[in-house]
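Order of the sequence lines fixes the chain letters, A, B, ..., with proteins taken first and strands second; residue numbering starts at 1 for each chain.
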Protein chains: 2
Amino acid sequence: MKRNLTTLVLLLILSGSLSLVQASQPTVTEDFKPSTLNQPGQEYPQVNSQGYARFRIVAPQAQSVTVSLGGRGGTPLTKSEDGSWVGTTAGPQDEGFHYYHLTIDGGTFNDPGTLNFYGSTRWESGIEIPAHDQDFYALKDVPHGRVQQILFPSKSTNTSRRAFVYTPPDYDKDMTKRYPVLYLQHGWGEDETAWHNQGCANLIMDNLIAEAKTRPFLIVMTYGMTNNVRIGGLRNFDIGPFQTVLVDELIPYIDANFRTLSDQPNRAMAGLSMGGMETRTITLKNLDKFSHIGLLSGGSISPEDVNNTPGLKEKVKLVFVSYGSRELENRRGGGRGPFGGDPRVNAEALKQAGINSVFYVSPDTAHEFQSWRRSLHELAPLLFKD
Amino acid sequence: MKRNLTTLVLLLILSGSLSLVQASQPTVTEDFKPSTLNQPGQEYPQVNSQGYARFRIVAPQAQSVTVSLGGRGGTPLTKSEDGSWVGTTAGPQDEGFHYYHLTIDGGTFNDPGTLNFYGSTRWESGIEIPAHDQDFYALKDVPHGRVQQILFPSKSTNTSRRAFVYTPPDYDKDMTKRYPVLYLQHGWGEDETAWHNQGCANLIMDNLIAEAKTRPFLIVMTYGMTNNVRIGGLRNFDIGPFQTVLVDELIPYIDANFRTLSDQPNRAMAGLSMGGMETRTITLKNLDKFSHIGLLSGGSISPEDVNNTPGLKEKVKLVFVSYGSRELENRRGGGRGPFGGDPRVNAEALKQAGINSVFYVSPDTAHEFQSWRRSLHELAPLLFKD
């Protein structure tokens, strides 16, 4: 009897395990194609129609190769007979752009198959999971604006600093026309290349402008001096040096060297993650310079902020706050953003107070660039409305 | 006696070997500093004042790590007690920029310490050996031009193609001024990012303009469609598709969207290596469009070319040909460039024939970007002289 009971328990455990295994290993459709971010001619990494990613790394004498993408612990690759290491993520990945890297024999390297993008304070591999709404940031046969690399003098840091300026397609057609400006910040670990490389900011604008869904404006992207602070030390971050570069050096340079509308109603600032924190701090201190505020997965503005900031209600024409839906799920699970309370509650309170407050949630995305591409796509049409 | 003779011979061999060892292992000065191309915060790779490069790669469980730089076979790294792999090149490296990669356990990867540059049809690691003349491409406190990324429509390839346009510092000051244009091509394995990333073309121009050593002009850099051909198959390369993109699509787009001087006297073309071959072919077929020709480590124009090209002598205002000195040494050793005979002899023959022919040799450099940075620095002041 005891033996039969043991057998029964074992069978129950086994059947439970089996169904778990079946649940976590659905059929993977074999329609993998090279990721759109692959280097020219490279077949791997690949993505299938369900959002699974498959990797292939050639390192015949390696002891172990793991990809950081694909959940906790990443995706361990298995050595094939031809000396390559191959593996597929355990499940579908969220739509959009993801950073990742390889761990080869205990060292951190990039996948030689794909392009690199600056994130986590290093140039990392990137992969693109095709999204149902990818049309809004696709390269299309429409008039294209430019991404202009400028080097602007910075006395406070004693060097020439780099910024990228998106100018809309008609910028070089009518030499008398002037444009509003959005200052757009990256997140911690990234730099001034992020918004046009992984964010597709220029293509998002080109497409919106082609459909007459947004007013044409300039976007200025520079390094937010975010990366000398460790994530755990964000509370001690001093906004001073970057505020000096942005407000006292870059803005005057842009207004002197581009055909801008340089008054407060025509200047906006937005940023993602730590760039949102920077945006919040700098705009609230400089309401004579900024009229539109965008915080993308980077906190919110609370009724207390409004009370503590004289003139906010009169001077601010838009407070745009957005998150990826999975970030809000995490908050419900006990997590909490680094500043300012529940963003949805704050956004609603600002609206009740008569402020133009917009809250946007990107469906089924996390603290990643697909949330921020969508956020820019939602934000742009709301800016600089007459 | 026999034994003594053997001992003597052995001693002679040993002393010879020892002196050889001593000759090939001079004292390495321990003043290594991080390469200027390192990723932010990265200590390795390093370079010393003699031009030696030192590498450090963390991969504790790897079986072997080799760096492709440092002569035939590259530089094998040795495992240290802390699990990192360290090694120094056997000798000093030539001044300037070098591509390299790692071979880890039989696989090809990049050095996570440094930035990547597109060469050899892949994004490769780059290292900078400080040069005695590095001042001419240094980032200085002078007015800076812009590097503008454009996406231009191409019917022949049915897509929007990318190009970068250098505009000089005064381009956005006087909206009525128009500028000559240099079309500048990269080499095999590279793309439209090469001339401003590893070539420092924008900084070379900024510095020349600040010293009033060159007339300000635009530089247009696009992909020469070079990379689907293997190096051994260059003879079969069809210039047709790129000529169509450049002459029929890009040039009209540039003239319509930038303030150019669009007549033949104000349009030049130059290129390095395979880009020189493209320049030679396209300019000789389109002398109504190009007046200045620059071939950088990419062949030369012979008296036969002049005889076979009606109008060349009248229409061409400059034929600039350059090489790295080590390339010419190789030629003397029995090597030969891919087309057009001895470049020095050809340059002299053209001069004798009354053509404005300039031949430049970059001292102590090979088929690498330091030769081409110097060549652009020599070429620019010779262009578009009234």
If I take atom [atom1] from residue [X] and atom [atom2] from residue [Y], how far apart are they, to the nearest 0.5 angstrom?
{"X": "A:L115", "Y": "B:Y118", "atom1": "CG", "atom2": "OH", "value": "8.5 Å"}
{"X": "A:R146", "Y": "B:Q148", "atom1": "CZ", "atom2": "CD", "value": "5.0 Å"}
{"X": "A:F109", "Y": "B:I104", "atom1": "CZ", "atom2": "CD1", "value": "3.5 Å"}
{"X": "A:D141", "Y": "B:K155", "atom1": "CG", "atom2": "NZ", "value": "9.0 Å"}
{"X": "B:N257", "Y": "A:H144", "atom1": "CG", "atom2": "NE2", "value": "12.0 Å"}

* Closest approach of A:R122 to B:P112 (non-hydrogen atoms, all atoms of both residues) ->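 What the structure gives for the nearest pair is NH2-CB, 4.0 Å.
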* Asked: Considering all heavy atoms of both residues, which atom of B:G107 and which atom of A:P60 are nearest to each other, and what is their separation?
  ->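 For B:G107 versus A:P60, the nearest heavy atoms are N-CD, 4.1 Å.
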Contacting region of [X] [heavy-atom separation from chain A under 4.5 Å]:
{"X": "B:N202", "value": "side chain"}
{"X": "B:S160", "value": "both"}
{"X": "B:K140", "value": "backbone"}

* Asked: In terms of heavy-atom pairs under 4.5 Å with chain A, which of B:V147, B:L102, B:N158, B:N227 leads?
  ->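 Highest number of heavy-atom pairs under 4.5 Å: B:V147.
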* Options A:V142, A:I150, A:D105, ranked by heavy-atom pairs under 4.5 Å with chain B, top entry ->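 Among the listed options, the one with the most contacts to chain B is A:D105.
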* Against chain B, work out which of A:N110, A:V165, A:T167, A:L139 has the most heavy-atom pairs shorter than 4.5 Å and name it. =>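 With the most close heavy-atom pairs to chain B, the winner is A:L139.
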* Let me see the working for A:D172 and B:F258 under side-chain contact (heavy atoms from CB on, under 4.5 Å), right down to the final yes or no. => CA-CA 7 Å; A:D172 290 272; B:F258 289 81; 5.8 Å; no
* Steps toward side-chain contact (heavy atoms from CB on, under 4.5 Å) verdict (B:Q63, A:Q63) -> CA-CA 8 Å; B:Q63 306 300 299; A:Q63 306 300 300; 3.4 Å; yes
* Do other residues, nucleotides or ligands put more than 12 heavy atoms under 6.0 Å from B:N228 CG? -> no
